[in-house]
Amino acid sequence: MKKRWFPLVSFVMILSLFLAACSGNKQQTSTPKNDSNGEATSEPKAGGVVTYAVDQAPEGFFDPAFSGSFIDSEVQKFMTEDIYKVDDNLKYVPNLATWEISEDKKTYTFKLKQGVKWHNGEELTVEDWKYALEVLAHPDYDGPRFNYVENIVGAKEMKEGKADHISGIEVIDPYTMKITFNEVRINNLENLWPTPMPRKHYEGIAVKDLSKSDQVRKNPVGLGPFKVKSMKPGEYIEFERFDDYWQGKPLLDGVVVKVIDPSVAAGALEKGEIDLLAIRPADLEQVSKIPHVRVEEANGVSYSYVGLRFGHRDQKAMKSVADFEKFKDQNLRHALLYAINRDALVNAYMAGKAKVTNTVIPSTFWVAADPKELNDYKYDPEKAKKLLKEAGYVDKDGDGFVEDPSGKKFTISFGHYAGPATFEGRAQAIIQSWRDIGIDAKLATGSLIEFNLYNEMKDNDDPSLEAFFGSWYVGADPDPTGLWGSHAEWNYGRYVDEEGDALIKETSSEKAFDDAYRKEAFVKWQKHFNEKLWALPLWEVIDLYAVNNRLQGVHINALTSLNDVHKWYVAE
């Protein structure tokens, strides 16, 4: 699993849906049932088709460069491969390539494995990877991943139309390529786009048309263990085995990714219609009683928060413009968090399967701040009211709700995406928390918003989303630049914080090659964010997975349940 954030606009919601966490840093691997003597009753064997279920329809991108949804990212794991992968310890290790780093730590020389085949029979070369990097840097690229190439020498010049290629990329031979970065960073590799594109498959398609093309949407070509056989948008995607997969012929004949309504997920598991599903906490009790299903857990790297609107994004300049002042008062922001009983929300709507947090760096990471070093913001509505009064938010007309310091009516329009019944309750509970301290808060648009539309509204800075519920899956690298940097595309609050940007930069600077310095730098930024509260941290998401006992070989870690899917097999 690469370091990709999932809202990634879309994942903004999925995180809170996919709950899972396990004590410690424990990973789970499915194994065959044992007989009374403790010996396995089955061995890995070839054949069979399994069903992997998701409870939201994918956006429909089969190339990671264009997708912004966690669901799409999971689907892509069956058919894509990367230059590197992330192990159970969240370390980046070679996959399709190995690499060497120059003495000045700016130039990386990559050596591709030879003989790796695309699904169309073409051999992978560094030209495919170079093509992908330059698509992301192209002025007409309309996907959300430019930040994965912007640190390469010459990438910004290409993005601005001043060059027709990235000067920091040098092809040595079909399997060797050098990439030079513009400065030394400890995570240059982690921030480098790792997924090659099938250059010949995309031949003749303008970059501006790629995301809408059949090659990306309907007839994709990848390097992974399975290839797309058929699909029905919004319902299912059928994958079949790719016999020439570079790590060896997969054991399964195929995998069906099925979109399922969350309200019927438990029943489908009980009927044997699903073999693997990330379940919601509300379904845990029912699923745990199904005899042929096991529930597995793993430490997660995701969290949920309430975003606050501070401005809009200038898409042409790729910068945030802080021109919305509703939440500019820090005391107001503190009051909004003190007003929310986060522990009660976790217990009421998440079956206790989440952990209240005051940072946006999940505790899975060694750079996470000790909770004792941060403001706790424990539920305290009286303190929230006091902070409001100190900031000049008082009820002047006697209607029970405060006016702003200028005497104008003060309201908050809060957005939340649609989903199971618990989402309505959760959204209304947050709104009521603010109403209880005298803030007239209402649900944006009057109802929960369809998921993909919700993401579009956030992308486009829809004015009705003054505050909004979101979640992030941060991947293996905790670097907050792409989510919380002032001008990051996924900084949906659009705040501008130069002091915070400087602190973030230190977390990946040359000095950060020293672990103690890097940890200290991360803690300094977390303290800063915790005080500023540009967004309101809620809880770390805990992930739970339901696995049919017939499906074996599943290895679950902090990032995903879809590790080494070519090793999955059916044990009847």
Side-chain angles (χ1 to χ4, degrees), residues 4-12 59 65-69 134-152 154-163 166 182-183 191 193 206-212 305-329 333 360 413 415 444 449 452-468 470 472 479-505 525 528-529 532-535:
R4 289 188 190 157
W5 308 288
F6 291 98
L8 278 180
V9 320
S10 309
F11 184 23
V12 164
E59 291 178 321
F66 299 100
S67 60
S69 150
E134 293 188 336
V135 164
L136 270 60
H138 196 282
D140 293 335
Y141 168 66
D142 59 356
R145 312 289 183 184
F146 172 67
N147 62 293
Y148 283 93
V149 297
E150 65 179 345
N151 295 326
I152 303 174
K156 289 184 179 179
E157 287 76 5
M158 184 176 178
K159 186 68 174 176
E160 293 168 357
K162 299 175 182 178
I166 299 178
N182 53 31
E183 62 181 290
N191 282 311
W193 186 248
V207 171
K208 66 180 178 65
D209 298 324
L210 271 175
S211 65
K212 301 179 287 291
Y305 67 97
V306 170
L308 304 173
R309 180 76 59 205
F310 293 90
H312 74 279
R313 181 171 176 79
D314 182 333
Q315 292 293 354
K316 186 175 182 179
M318 295 188 292
K319 290 183 178 295
S320 295
V321 179
D323 57 358
F324 186 67
E325 298 189 345
K326 175 162 285 190
F327 301 108
K328 69 176 182 179
D329 191 289
R333 302 196 295 272
V360 291
S413 176
I449 304 166
N452 289 324
L453 174 59
Y454 184 75
N455 290 323
E456 290 178 11
M457 291 171 69
K458 291 202 322 312
D459 281 340
N460 297 319
D461 303 318
D462 190 293
S464 67
L465 299 184
E466 296 177 339
F468 50 90
W472 285 115
D479 180 5
T481 306
L483 300 179
W484 302 109
S486 292
H487 303 295
E489 185 168 358
W490 291 324
N491 165 14
Y492 286 120
R494 313 306 187 197
Y495 62 81
V496 176
D497 177 13
E498 293 181 359
E499 182 182 355
D501 293 341
L503 291 172
I504 289 175
K505 189 171 183 179
W525 176 75
H528 174 80
F529 190 93
K532 292 294 184 182
L533 278 192
W534 300 121

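All values below come from the heavy atoms of this structure, side chains included, with hydrogens, waters and symmetry mates left out.
- With a 4.5 Å cut-off on side-chain heavy atoms, Val207 and Asp142 do not count as touching.
- Nearest heavy atom pair, residue Ala467 against residue Leu308, reads CB-CD2, 4.0 Å.
- Taking OH of Tyr141 as the reference point, atom CD of Glu134 lies at 14.0 Å (rounded to 0.5 Å).
- Taking OG1 of Thr481 as the start and CG of Asn147 as the end, the distance is 9.0 Å to the nearest 0.5 Å.
- No donor-acceptor pair under 3.5 Å is formed between the side chain of Tyr492 and the backbone N or O of Gly470.
- Counting all heavy atoms, side chain and backbone alike, Glu466 lies closest to Phe327 at O-CE1, 3.2 Å.
- The minimum heavy-atom distance between Pro144 and Ala65, with the atom names listed, is CD-O, 3.6 Å.
- Under the 4.0 Å criterion applied to side-chain N and carboxylate O atoms, Arg494 and Asp323 are not assigned as salt-bridge partners.
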Test side-chain contact (heavy atoms from CB on, under 4.5 Å) applied to Val360 and Leu483, step by step: CA-CA 10 Å; Val360 291; Leu483 300 179; over 6 Å; no
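- Ring orientation note: the planes of Tyr495 and Trp484 are close to parallel, at an angle under 30° on the 30°/60° scale.
- Of the possible polar contacts, none joining the Asn460 side chain to the Asp462 backbone as a donor-acceptor pair under 3.5 Å is found.
- Within a 6.0 Å sphere centred on NZ of Lys326, heavy atoms belonging to other residues, nucleotides or ligands number more than 12.
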Could you give me the CA-CA distance, side-chain angles and deciding distance for Val496 and Val321, then say whether side-chain contact (heavy atoms from CB on, under 4.5 Å) is met? CA-CA 7 Å; Val496 176; Val321 179; over 6 Å; no
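- Checked options Glu489, Lys159, Glu150; the residue passing with Met318 is Lys159 (criterion: side chain to side chain contact (heavy atoms under 4.5 Å, CB included)).
- Counting non-hydrogen atoms of neighbouring residues, nucleotides and ligands closer than 6.0 angstrom, the NZ atom of Lys208 reaches no more than 12 such neighbours.
- Side-chain atoms of Leu210 and Val135, non-hydrogen and from C-beta on, do get closer than 4.5 Å to each other.
- Side-chain contact check for Leu465 versus Ile449: some heavy-atom pair is nearer than 4.5 Å.
- Taking CG of Leu136 as the reference point, atom CZ of Phe66 lies at 7.5 Å (rounded to 0.5 Å).
- His528 is listed as a side-chain neighbour of Asp497, based on a closest heavy-atom distance under 4.5 Å.
- Closest approach of Ser486 to Asp501, counting heavy atoms only: OG-OD2, 2.8 Å.
- Using a distance-only test at 3.5 Å, with no hydrogens or angles considered, a donor-acceptor pair links the side chain of Ser413 to the main chain of Ser464.
- Shortest non-hydrogen contact noted between Gly500 and Trp525 is O-CD1, 3.5 Å.
- When all heavy atoms of Ile166 and Ala137 are compared, the pair lying nearest together is CD1-CB, 3.8 Å.
- In this structure, CZ in Phe468 is found 7.0 Å from NZ in Lys458, a value given to the nearest 0.5 Å.
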Begin with the C-alpha distance, continue with both residues' side-chain angles, and end with the deciding distance and a verdict on salt bridge (charged side-chain N to carboxylate O under 4.0 Å, His left out) for Asp461 and Arg309. CA-CA 8 Å; Asp461 303 318; Arg309 180 76 59 205; 3.3 Å; yes
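- Proximity of Arg145 to Ser67: side-chain heavy atoms (C-beta onward) are separated by under 4.5 Å at one or more points.
- Residues Ser320 and Asn491 meet the side-chain proximity criterion, which asks for heavy atoms closer than 4.5 Å.
- Side-chain N or O atoms of Arg333 include one that pairs as donor or acceptor with a backbone N or O of Lys328 at under 3.5 Å.
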